[in-house]
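Below is one structure, written out as structure tokens; the observations come after it.
Chain naming here is simple, since letters A, B, ... match the order of the sequence lines and numbering starts at 1 in each. This one's a predicted model, so the numbers in the text were calculated from it and none came from an experiment. Computation of the quantities below employed the complete heavy-atom set of this structure, encompassing side-chain atoms and omitting hydrogens, waters and symmetry-equivalent molecules.
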Amino acid sequence: MTVPVRTRFAPSPTGYMHIGGMRTALFVWLWARHNHGTFILRIDDTDQQRNVEAALAPIFRAFRWLGLNWDEGPEVGGAFGPYFQSQRTHLYQAAVEKLLAEGKAFRDYDAPEQVAADRAAAEATKQTYLNVRRSLDLTDSQRSQFDEEGRPHVVRFLVPRDRKVAIDDAVRGHVEWDGALMPDPVIMRSNGSVLYNFATVVDDAQMQITHVIRAEEHLTNTAVQALLHQALGNSLPVFAHIPFITAPGSTKKLSKRDVEKLRNSPQLKKMFDRADEVFPQLGLGNSTTLNPVMVEYYERLGYLPAGILNGLSRLGWSLDDKTEILPLDTVIENFTLDRIVKAPAGFDTEKLQSYQQHWMNQLPLDQKIDGCLPYLQQTKLIADETDAVTRAHVGRVLAAMADRLKVFSDILDFKEFFVADETMPFDEKAFQQRIRDAAEAPGLLRSLREQLATVEPFDAPTLDALVHRFVETNGIKIGQIVHALRIATTGRAQGVGLFDALSILGRDRCLTRLDRTLAAI
RNA sequence: GGCCCCAUCGUCUAGAGGCCUAGGACAACGGAUUUUCAGUCCGUGAACUGGGGUUCGAAUCCCCAUGGGGUCACCA
């Protein structure tokens, strides 16, 4: 009989979802889905923050955005709740009592200063620090006296120092530690609350977690946790420690602080700059409020879940020797723990970008429109109420943009199709170079304007033919007119295909803009 | 420093003794296409950390060294 797989991800309410944490969560989720098992979300809020709800919102938001649904946890409930550690104290208390009663844990009355001194002494002599078990030698009367005095104490788990602990990690293989080298960990504070390392063990057992999949930094904790499970009479879950993600161009774990330090690295600079360009327009702050370690950065910039998921899946995992493009279904079907790479993976934002581009290019036009409309609305480039005409216009712009749309917010780089003709800004430098400084440009534009006024129909192929004929008739090179025409009608030196741009704008708007240009020379 | 983990192109990775004169992707570089930009197509350069074993044969197994990293709280 095989036991149904139950996995969990246990975030603490930090106020944002870390992209590396998201990768871990994805792997945990993937393993559950691959096995048709259960994925549980459990909130590690043992250190009682003030505003758990607000700090949790971005985390739930990230899961929802990527479509990583949880089967048990906050908001959905489940048979093993509550799913907030802060509401499970009775379970922890009971477990502590049990260990105490069985002599597997003890009350430690040593003052914190005493413990610190012990530690310092060990360090001074370069010895492995082991807590001194003074309280174990207390007589019963001394102990009851201490309790009567209300002397503060912690509860420590009594590590069996005469043996080793070992686990068979699903990604790292056999790992073992020597109990003789492990200090007795505090499992309950003097205020009666328990520590994470202990709560996790109690929760994993009570929630019948079969696979503890988490980041590598927890590997060391596992020694204590395995011992604790044994002491509590639990069977051991399968552990799988996946490597963390390193910051781009670094060998160190990707952290929020790290990324701030790297904001001027070649790779990340673009990401920060883009945030500073786009987020202010949307009223979302800037690269300080939302940076590339946060999942929300990608969501707000208009990345696709498929792109992020593909990128995250390939960070420390691969299907085979050549498949890069992976729809989620394919990953679910093929995801196994033994294919997780043991070494840390560098977070490569450019590769992420390439997955994103692929998935964006796959997206049907209609969905591109849906994705872009909110950006145009939030920046007042179009009205909040979109009618069919607006929708069609956005569709034409997007069709012309083609591969130029990498993320939805890129639509904001093509404002020329949405701003009023009378106030459309001109790129001054380009205007100077291609129109004012190009001796023949004004005359050519004037004469071309006459032909544009009457040409029928006003569509891209016709305009294309018209301009080429114009070039021939006037004995000029095409470069002598297209640049000027582009700047005159769109205000910019770059953009979509010129004739697409003209036809999208339509005759009237083109003429108006041309007139403005001619008047500005 | 103790304990633990890790080690293939710049980066993500394939590789579980002969299929490897080490494959793919991103990035880089060169060329082609082009009215700009984006793209597309073709091509180029680029790696098994070092040293010992084991073996007929090692990127693959073992040992040592080196390097990188994680962790050592009444944080999670």
Side-chain angles (χ1 to χ4, degrees), chain A residues 10-14 44-47 85 108 112 115-116 119 122-123 126-129 152-156 169 171-173 175-178 181-183 185-197 199-200 215-223 241 243-244 246 248-253 266-267 311 314-325 338-339 341-355 357 361 401-406 410 413 430 434 464 467-468 471 477-487 490 492-499 501:
Chain A
S12 40
T14 51
D44 276 9
D45 59 346
T46 48
D47 69 336
Q85 289 192 327
D108 186 348
V115 175
R119 187 185 306 274
E123 272 166 26
K126 294 196 169 179
Q127 300 259 295
T128 301
Y129 165 73
H153 66 268
V154 297
V155 176
R156 284 183 190 274
D169 193 280
V171 345
R172 329 207 79 89
V175 184
E176 64 174 35
W177 298 266
D178 191 345
L181 267 20
M182 297 164 57
V186 172
I187 57 175
M188 183 181 264
R189 300 183 182 94
S190 52
N191 69 5
S193 64
V194 299
L195 276 94
Y196 156 83
N197 222 12
T200 295
E216 189 186 349
E217 60 249 41
H218 290 285
L219 185 56
T220 311
N221 284 335
T222 309
H241 288 92
F244 46 83
T246 65
S250 159
T251 50
K252 297 218 173 35
K253 194 169 74 175
Q267 209 180 112
R314 281 289 288 101
L315 216 51
W317 182 85
S318 68
L319 173 60
D320 55 28
D321 59 339
K322 47 184 58 113
T323 312
E324 295 288 343
I325 299 305
D338 61 339
R339 285 198 67 82
V341 178
K342 292 183 182 68
F347 184 47
D348 185 343
T349 55
E350 287 180 334
K351 189 140 184 174
L352 183 69
Q353 189 71 21
S354 85
Y355 291 117
Q357 281 184 40
N361 291 342
M401 281 171 67
D403 290 348
R404 294 174 184 82
L405 186 85
K406 312 277 201 291
D410 287 344
D413 289 342
R434 296 293 194 180
D464 192 330
V467 169
H468 277 92
V471 164
K477 287 188 191 143
I478 189 139
Q480 289 176 275
I481 185 63
V482 288
H483 301 296
L485 182 56
R486 174 186 295 282
I487 292 156
T490 68
R492 299 200 302 136
Q494 297 159 6
V496 305
L498 176 59
F499 305 112

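In this structure a side-chain-to-backbone donor-acceptor pair under 3.5 Å is present from A:Q267 to A:T349. Looking only at distances, a side-chain donor or acceptor of A:D169 sits under 3.5 Å from a matching main-chain atom of A:H241. Counting only distance, with no hydrogens or angles, the side chain of A:R404 and the backbone of A:M401 share a donor-acceptor pair below 3.5 Å. Remark: the backbone N or O of A:L319 is not paired with any side-chain donor or acceptor of A:T323 at under 3.5 angstrom.
Straight-line distance from the CD atom of A:E350 to the P atom of B:rU11: 13 Å, rounded to whole Å. Atom CG of A:D338 is separated from atom P of B:rA14 by 11 Å (rounded to the nearest Å). The OH atom of A:Y196 sits 14 Å away from the P atom of B:rC75 (whole-angstrom rounding). The NZ atom of A:K342 sits 18 Å away from the P atom of B:rC4 (whole-angstrom rounding). One atom, CG of A:D403, and another, C1' of B:rG39, lie 5 Å apart when rounded to the nearest Å. Distance, A:Y355 OH to B:rA27 C1': 13 Å, rounded to whole Å. Taking atom CD of residue A:Q353 and atom C1' of nucleotide B:rG39, one finds them 14 Å apart after rounding to whole Å. Atom NZ in A:K406 sits roughly 7 Å away from atom C1' in B:rG39 (whole-Å rounding).
Across all strands shown, B:rC26 is found opposite B:rG10 as a Watson-Crick or G-U wobble partner, with both distances under 3.5 Å. When both pairing distances are held under 3.5 Å, B:rC48 makes no Watson-Crick or G-U pair with any nucleotide shown. With a cut-off of 3.5 Å on both Watson-Crick or G-U wobble distances, the partner of B:rC41 is given as B:rG31. Base pairing of B:rG70 is made with B:rC3, judged by Watson-Crick or G-U wobble geometry with both donor-acceptor distances under 3.5 Å.
Nearest heavy-atom pair across A:P344 and A:T246 is CB-CG2, 3.8 Å.
Neither side chain, A:D108 nor A:H153, offers a donor N or O lying under 3.5 Å from an acceptor on the other. A donor-acceptor contact closer than 3.5 angstrom is absent between the side chains of A:R486 and A:T490. Between the side chains of A:Q85 and A:D44, a donor-acceptor pair is found at a separation under 3.5 Å.
Base contact: A:A493 has a heavy atom under 4.0 Å from a base atom. Among the heavy atoms of the strands lying under 4.0 Å from A:G497 is at least one base atom, whether or not backbone atoms are also near. Among the atoms of the strands shown, none is found under 4.0 Å from any heavy atom of A:R434. The residue A:G346 sits close only to the backbone: its heavy atoms come under 4.0 Å of sugar-phosphate atoms, none of a base. Looking at heavy-atom distances under 4.0 Å, A:K322 makes contact with sugar-phosphate atoms alone, never a base.
Mapped onto RNA chain B by nearest heavy atom, A:E176 and A:D464 fall at different nucleotides, with A:E176 at the one closer to the 5' end. Between A:N197 and A:V171, it is A:V171 whose nearest contact on RNA chain B lies nearer the 5' terminus.
The side chain of A:E324 lies closest to B:rG24 when the candidates are B:rG24, B:rU35, B:rC6. When distances run from any side-chain atom of A:R486 to the nucleotides B:rA14, B:rU36, B:rA7, the shortest one goes to B:rU36. Closest to the side chain of A:D348, out of B:rA76, B:rU11, B:rG39, is B:rU11. Closest approach to the A:R172 side chain among B:rA25, B:rC6, B:rC37 is made by B:rC6 (side chain taken as heavy atoms from C-beta onward). The side chain of A:V175 approaches B:rC5 more closely than any other nucleotide in the set B:rA14, B:rC12, B:rC5.
One C1' atom belongs to B:rU44, the other to B:rC5, and the distance between them is 38 Å to the nearest Å. Rounded to the nearest Å, the gap between the C1' atom of B:rG43 and that of B:rU60 is 32 Å. Nucleotides B:rU21 and B:rU36 have their P atoms positioned 45 Å apart, rounded to a whole Å. B:rA22 sits 10 Å from B:rA47 when the P atoms are compared, rounded to a whole Å. Using P as the reference atom, B:rC29 and B:rU34 are 22 Å apart when rounded to the nearest Å. B:rG23 and B:rA38 have their C1' atoms separated by 30 Å, with the value rounded to a whole Å. For B:rC20 and B:rC9, the C1' atoms lie 15 Å apart once the distance is rounded to whole Å. With C1' as the reference atom, B:rG67 and B:rC48 are 16 Å apart, rounded to whole Å.
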Letter per nucleotide, 5' to 3', of nucleotides 64-74 of chain B [B base touched, S only sugar-phosphate touched, - untouched; heavy atoms, 4.0 Å] = ----SSBSSSB
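Contacts of A:E324 classified as salt bridge (Lys or Arg N to Asp or Glu O under 4.0 Å), with partners at least two apart in sequence or in another chain: A:R314, A:K351. Under the side-chain hydrogen bond (donor to acceptor under 3.5 Å, both in side chains) criterion, A:Q480 pairs with A:E440, sequence neighbours left out.
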